[in-house]
Amino acid sequence: EVQLVESGGGLVQAGGSLRLSCRASGFTFDDYAIAWFRQAPGKEREGFLCISNSIDTYYTDSVKGRFAASSDNAANTVYLQMNNLKPEDTAVYYCAAAAGCSRLAIDYDYWGQGTQVTVSS
């Protein structure tokens, strides 16, 4: 069974940090790019970052300089380090896997269940 499991979300005050984890199983992790999406209530799902071959590609300027992805291939896990969080970062965060990076949700084969990030002011 192909599965991505996300964890690490929660409630944090503005200016704080969180680290999300995306653990993969059931497929060859090294062959895939992992992207991060987020969706706030009433908003479209937004792809903002993708990591492939240890290189981050940013699709949204609003997170650049604050968010960064990293990977631990031995653990089949990608991390999203989120610093200097802002209330507008509040959303459900998803990881997704595909053969290569894309900013479009339709291009991804596997999805995590989502984890809620809430940033209070």
Query - Partner of Phe37 by side-chain contact (heavy atoms from CB on, under 4.5 Å), out of Arg103, Glu46, Arg45 - result: Arg45
Requested in this report: Apply side-chain contact (heavy atoms from CB on, under 4.5 Å) to the pair Ser102 and Tyr108, showing each step before the final yes or no.
Outcome: CA-CA 8 Å; Ser102 170; Tyr108 288 85; 4.1 Å; yes
Report task. Following the transitive rule for hydrophobic clusters with a side-chain heavy-atom cut-off under 4.5 Å over Ile, Leu, Val, Met, Phe, Trp and Tyr, establish whether Val78 and Tyr59 coincide in one cluster. Result -> no
Query raised in the report: With hydrophobic residues grouped by side-chain heavy-atom distances under 4.5 Å, do Leu4 and Ile51 end up in a single group?
Result: no
Query - Trace of the side-chain contact (heavy atoms from CB on, under 4.5 Å) decision for Tyr79 with Asp72 - result: CA-CA 8 Å; Tyr79 302 97; Asp72 183 345; 4.0 Å; yes
**Report entry** Heavy-atom donor-acceptor pair, Ser52 side chain to Ala33 backbone, under 3.5 Å
**Finding:** no
**Report entry** N/O donor-acceptor pair under 3.5 Å between Asp56 side chain and Ala69 backbone
**Finding:** yes
Non-hydrogen atoms of [X] and [Y] that approach each other most closely:
X: Ile34; Y: Cys95; answer: CG2-CB, 4.2 Å
X: Val2; Y: Gly26; answer: CG2-O, 3.5 Å
X: Thr90; Y: Val119; answer: OG1-N, 2.9 Å

How many angstroms lie between atom [atom1] of [X] and atom [atom2] of [Y], to the nearest 0.5 angstrom?
X: Cys50; Y: Asp107; atom1: SG; atom2: CG; answer: 10.5 Å
X: Arg66; Y: Asn84; atom1: CZ; atom2: CG; answer: 6.0 Å
X: Thr57; Y: Leu49; atom1: OG1; atom2: CG; answer: 8.0 Å
X: Trp36; Y: Leu80; atom1: CH2; atom2: CG; answer: 5.0 Å

Query raised in the report: So with a 6.0 Å cut-off around CG of Asp61, is the heavy-atom count from everything else above 12?
Result: no
Query - CA sep, side-chain torsions, deciding dist, call: Thr118, Gln116, side chain to side chain donor-acceptor pair (under 3.5 Å) - result: CA-CA 6 Å; Thr118 302; Gln116 177 70 47; 3.3 Å; yes
Report summary line: Contacts of Asp109 meeting side chain to side chain contact (heavy atoms under 4.5 Å, CB included) (sequence neighbours excluded), chain-then-number -> Tyr32, Ala98
List, one per line, each side-chain donor-acceptor pair under 3.5 Å for residues 11-22, sequence neighbours excluded.
residue, atom, partner, partner atom, Å
Ser17, OG, Asn83, OD1, 2.9

Query raised in the report: Distance under 6.0 Å and angle within 45° of the ring axis: does Arg38 meet both against Phe48?
Result: yes
Query raised in the report: Any side-chain hydrogen bond (donor to acceptor under 3.5 Å, both in side chains) pairs touching residues 2-11, not counting sequence neighbours?
Result: none
